[in-house]
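This one's a predicted model, so the numbers in the text were calculated from it and none came from an experiment. Residue numbers begin at 1 in each chain, while the letters A, B, ... track the order of the sequences.
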Amino acid sequence: MAFERAALKSQAPKCQVEALTKRYGARAAVDAVTFDVDEGEFVVLLGPSGCGKTTMLRLVAGLAAPDEGRIRLDGKSVADPARDVFVRAERRGIGMVFQSYAIWPHMNVFENVAYPLRVRRQRGEEIKRKVESVLALVGLSAESRRSAAQLSGGQMQRVALARALVFDPTLLLFDEPLSNLDLKLRERLRLELKELQRRTGLTSIYVTHDQAEAVELADRILVMENGRVVQVGAPRELYHQPQSRFVAEFISTANIFAGQVLARLADDFASVKTMTGRELAVRHDGTVSEGDLVDVVIHPEDCRISVDESGRPDGYQARIVSRRYQGTSTRYTLDWAGEMFDVVVLGSEAPLAEGAEVTLTVPRERARIIVRNSARGTR
Amino acid sequence: MTGLAASTSRRSPSRRLFASAFSPRGAFVACLLAALTFLIVLPVLALVIGSFLPTPPRALAIDWSGLTLANYREILGEGNVLALLRVTLAAAVIGTAGALVIGASLAWLAIRTDVPGRSLLENVAILPMFVPPLVGAFAWDILASPKSGIINIALRSLGLDAALNIYSFGGIGFVFAIYYAPYVHLFVAAALRNIDPVHEEAAWMSGASRWRCLWQITLPLVLPALLSSGLLVFVLLIELFAIPAILGEPGNLHFMSVRIWEMVGFTPPKVNQASALGVLMLLITVTLVLIQYRVLGKRSFVTVSGKGLRPDLLALGTARWPLACLGFGYILFVVLMPYAALLFIALRKNLFYATLGALADTRQLSLDQFALAFSDPVVRGSFLNSLLVSLGTVTVGSLLYFTIAYVVQRTNLKGRRALDLIAILPIAIPGLIIGLGYLWTWISLPFGIYGTLWIIILAYVSQFSPQGVRAISGSLVQIDPELEESSRLCGAGLAYTLRRIVVPLAWPGILSAMILLLILSFRELATALFLYTSTTQVFSLTMFDFWLRGSTNLVAVMALVQTLVLALLVLLARRIRRERTQIFT
């Protein structure tokens with residue numbers, strides 16, 4: 001096993017994107033983006049609308065041509081404007097699930113799914129066999145003769161997926177495929193999608209603006225902002241070690257506040273003074289030095305509040321300003337020395353009232369520093 | 001429209017396919033541009049040049065040294081150009097005013113009031129649009145010519161002294177108005193439907209009466225629609241040939257379009273002077289179309305509501321039935337009565353009647369005229385010619401229009417804006433002027449299509465390109481680009497995608513456009529006026545020719561046949577539209 005893994009690892013990545021740039025007028029929708037996708041990996045491009053993630057996907061698909069940079073599939077160059085290489089979408093052998101699903105309304109389910117095979121001039125029985133097996137895979141065997149116009153949103157999504165899978169694509173692309181569905185269906189299909197990907201082992205790139213979707217589906221997340229990839233990492237990494245305020249804000253609903261480093265402590269900790277004058281010990285990942293202006297991130301789920309533990313050393317006095325009951329949890333907003341601070345308490349009870357004085361406990365290892373790039377080294 | 005609806009696209013501006021795909025694409029667009037220039041720009045250019053030349057067009061010979069203003073001096077100096085302008089513009093003003101009043105009232109009645117049969121009224125109100133102007137002119141001549149008009153005979157027999165004179169300004173303006181009111185109706189009906197009812201409700205809540213609201217809120221809101229449809233009708237009336245040619249000459253009212261035709265057709269032919277007059281006419285229509293675009297551009301304050309709320313209909317109270325009778329009566333009067341008159345003339349053996357008694361003489365009725373018409377070689381030949389020309393126009397036209405529409409809507413090839421622009425130019429070019437331009441161009445060019453049906457087909461393809469390109473574009477923009485992109489991701493190339501995805505999805509729209517082209521080219525008269533020979537005469541021309549020679553019976557039969565063909569095509573188009581909505585909703 002170990003050997004196989006090593007052998008796999010040594011192969012070229014399935015998809016390589018190097019310094020890819022796409023401009024619309026003066027604006028770069030995708031700005032010198034570089035990343036690899038390994039065989040069997042599920043990569044999610046995450047970012048707010050307009051960040052360039054869909055353009056990125058369209059460049060990989062071959063639906064748009066890059067202005068600079070390179071794209072390689074299986075080691076072969078498919079887009080390289082410097083050398084005048086551009087392989088058209090239909091020659092790339094990539095499967096794609098569109099946001100609108102793009103199910104052709106003048107064909108039934110079977111015909112929609114059979115289309116890529118007909119394009120490839122496969123034989124009748126072969127087509128029938130493959131289409132039936134892929135329809136079984138997505139759970140639509142019974143609907144094969146239905147007109148595409150009569151399908152529900154979830155069914156359309158499955159047809160789109162079946163159509164993208166049926167010809168054994170080298171790569172599978174998803175363009176916000178769940179965004180047109182209601183919440184319940186979205187959650188179920190998300191599970192199914194992940195399961196399907198695990199079974200087929202298909203290398204996938206998935207675009208979304210929904211961080212919950214990204215965290216659940218991804219092996220690796222690429223967070224994009226203004227056409228650039230600002231951080232790459234496993235969902236846990238992004239959650240716990242955001243490298244910028246943007247990533248921290250986008251990936252979670254964390255408490256973020258500005259402060260200044262007072263002193264470096266042992267074990268990658270530093271003492272930080274916030275703008276309102278509070279001092280606390282915070283963990284840092286990179287190097288910080290005294291006087292740096294930093295942002296501190298504390299996830300509301302990591303903190304605790306109570307009314308009786310006032311004697312603890314890492315406890316702070318705070319007052320509950322408001323609470324939002326969310327069913328399985330309650331989100332309290334505290335006034336912590338003049339600054340608003342959110343804490344989420346799990347459980348379906350919401351025992352603390354608005355206006356109550358409480359003790360806030362912030363575990364030392366869970367408060368993290370993000371160094372502000374602009375402020376670094378100015379002193 | 002779930003699957004077809006154009007997506008609310010929030011992504012990159014360039015969602016166009018096959019853009020950077022192949023390199024000969026520049027050459028392809030260049031070819032298209034050249035073809036369009038050849039079809040549309042060149043004839044107009046040739047006409048303009050011709051208007052400055054001293055000699056009539058001759059094969060391969062343009063004497064550049066002889067450029068002169070003499071033609072303009074002549075038409076302006078003769079002094080009759082002012083008279084022509086006055087008559088043309090005055091009749092167009094009367095016609096436009098009438099069309100606005102009729103079209104807007106009918107639209108308001110059918111859409112905003114509780115008049116009985118309102119949805120039927122809405123459908124039948126546009127029927128006059130389907131009557132070819134030439135046929136309408138024949139019918140009103142038969143009905144209301146001062147001496148022998150059937151209505152006038154009836155009035156005289158009843159002892160009334162009043163006589164309708166269809167040859168007067170009022171008469172011609174009336175015929176203009178009834179056949180062009182449907183254009184106003186369509187515009188105003190759409191605007192009325194788009195008004196957010198909240199505006200009217202707010203007026204009522206402010207204490208305005210229904211009538212006050214109608215004048216102070218509703219009317220201003222549909223004003224842009226009134227203005228732009230009014231301008232459209234005005235342009236169409238200025239360039240109209242058929243009605244002035246039939247009804248203007250007997251009353252000594254001379255119109256520009258008719259004068260151009262006379263100058264070319266009567267001996268001695270004055271093609272150069274006619275061209276100068278044509279250029280003047282072109283200047284007027286182009287100016288008006290530009291103004292219309294301005295007006296349309298400012299239309300934004302018509303408020304479109306997405307709520308789909310139907311405002312309460314205005315209760316007409318006791319006026320309901322009288323107004324319904326008025327509305328439906330009007331439609332019967334302007335659509336049914338003319339055809340009744342044509343049928344009567346078609347069945348009548350001799351046309352000498354002076355009293356109601358003579359009119360009611362059933363012994364005079366027979367089918368002989370039909371037999372005569374159907375066996376007449378000229379009628380048969382020109383019917384066949386019209387069919388061939390229509391089919392040719394549809395074939396050449398729909399291929400060209402589809403290509404243009406696809407390039408404009410679905411690619412980002414360089415030059416597509418120019419394509420779009422040239423394709424809609426003919427909106428401002430009267431058919432008569434296209435015809436005259438073709439005369440100049442093709443006589444000067446060394447390919448021998450002058451005198452064949454092809455020159456008529458090409459002129460029609462130029463003349464109808466705005467309607468054709470718009471109709472096909474309309475069905476293309478309905479198709480979500482992702483439906484094409486997914487085909488490409490499935491491995492299909494451009495040709496395969498067009499064949500299996502784009503054309504099937506756009507097919508109902510393409511088919512409707514093709515039928516529209518059939519209708520337009522089957523009834524067209526003015527564009528072909530200067531382009532036919534004895535063997536390539538089209539049906540409308542034969543009718544016109546027979547009318548001038550006084551074969552009224554034959555013309556009536558032919559008008560009925562033409563209307564029957566057009567009616568069948570309209571029904572076919574409606575059927576397709578209904579099927580289309582069934583498939584995709």
Worksheet item: Crowded around D182(A) CG? As in, over 12 foreign heavy atoms under 6.0 Å?
Response: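 Counting neighbours around CG of D182(A), more than 12 heavy atoms of other residues, nucleotides or ligands fall under 6.0 Å, so yes.
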Discussion item. Taking CZ in R120(A) as the centre, count heavy atoms belonging to other residues, nucleotides or ligands within less than 6.0 Å. Is the count above 12?
Written reply: yes
Got a second to check how far [X]'s [atom1] is from [Y]'s [atom2], nearest 0.5 Å?
X       : Y       : atom1 : atom2 : answer
C490(B) : L117(A) : SG    : CG    : 9.0 Å
L63(A)  : S486(B) : CG    : OG    : 9.5 Å
F98(A)  : D480(B) : CZ    : CG    : 9.0 Å

Can you see which heavy atom on [X] is nearest to which on [Y], and at what distance?
X       : Y       : value
R500(B) : H106(A) : O-NE2, 2.8 Å
G491(B) : V119(A) : O-CG1, 3.2 Å
A492(B) : Y115(A) : CB-OH, 3.5 Å

Practice prompt. Give the C-alpha distance, both sets of side-chain angles, the deciding distance and a yes or no for side chain to side chain contact (heavy atoms under 4.5 Å, CB included) between E90(A) and L494(B).
Written response: CA-CA 9 Å; E90(A) 61 265 32; L494(B) 173 61; 5.8 Å; no
Practice prompt. Give, as side chain, backbone, both or neither, the part of E111(A) having an atom under 4.5 angstrom from any heavy atom of chain B.
Written response: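 The side chain, not the backbone.
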Worksheet entry | Side chain / backbone / both / neither for R92(A) at chain B, heavy atoms under 4.5 Å |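 Neither part; nothing is under 4.5 Å.
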Practice prompt. Show the numbers, then the answer: is there a side chain to side chain contact (heavy atoms under 4.5 Å, CB included) between R58(A) and E485(B)?
Written response: CA-CA 10 Å; R58(A) 294 171 61 79; E485(B) 290 167 355; 2.9 Å; yes
Item to complete: Could you tell me whether the side chain of W104(A) and the main chain of L483(B) form a donor-acceptor pair under 3.5 Å?
Response: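 Checked: pair present.
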Worksheet item: Between E482(B) and S100(A), is there a donor-acceptor pair closer than 3.5 Å when you use the side chain of the first and the backbone of the second?
Response: yes
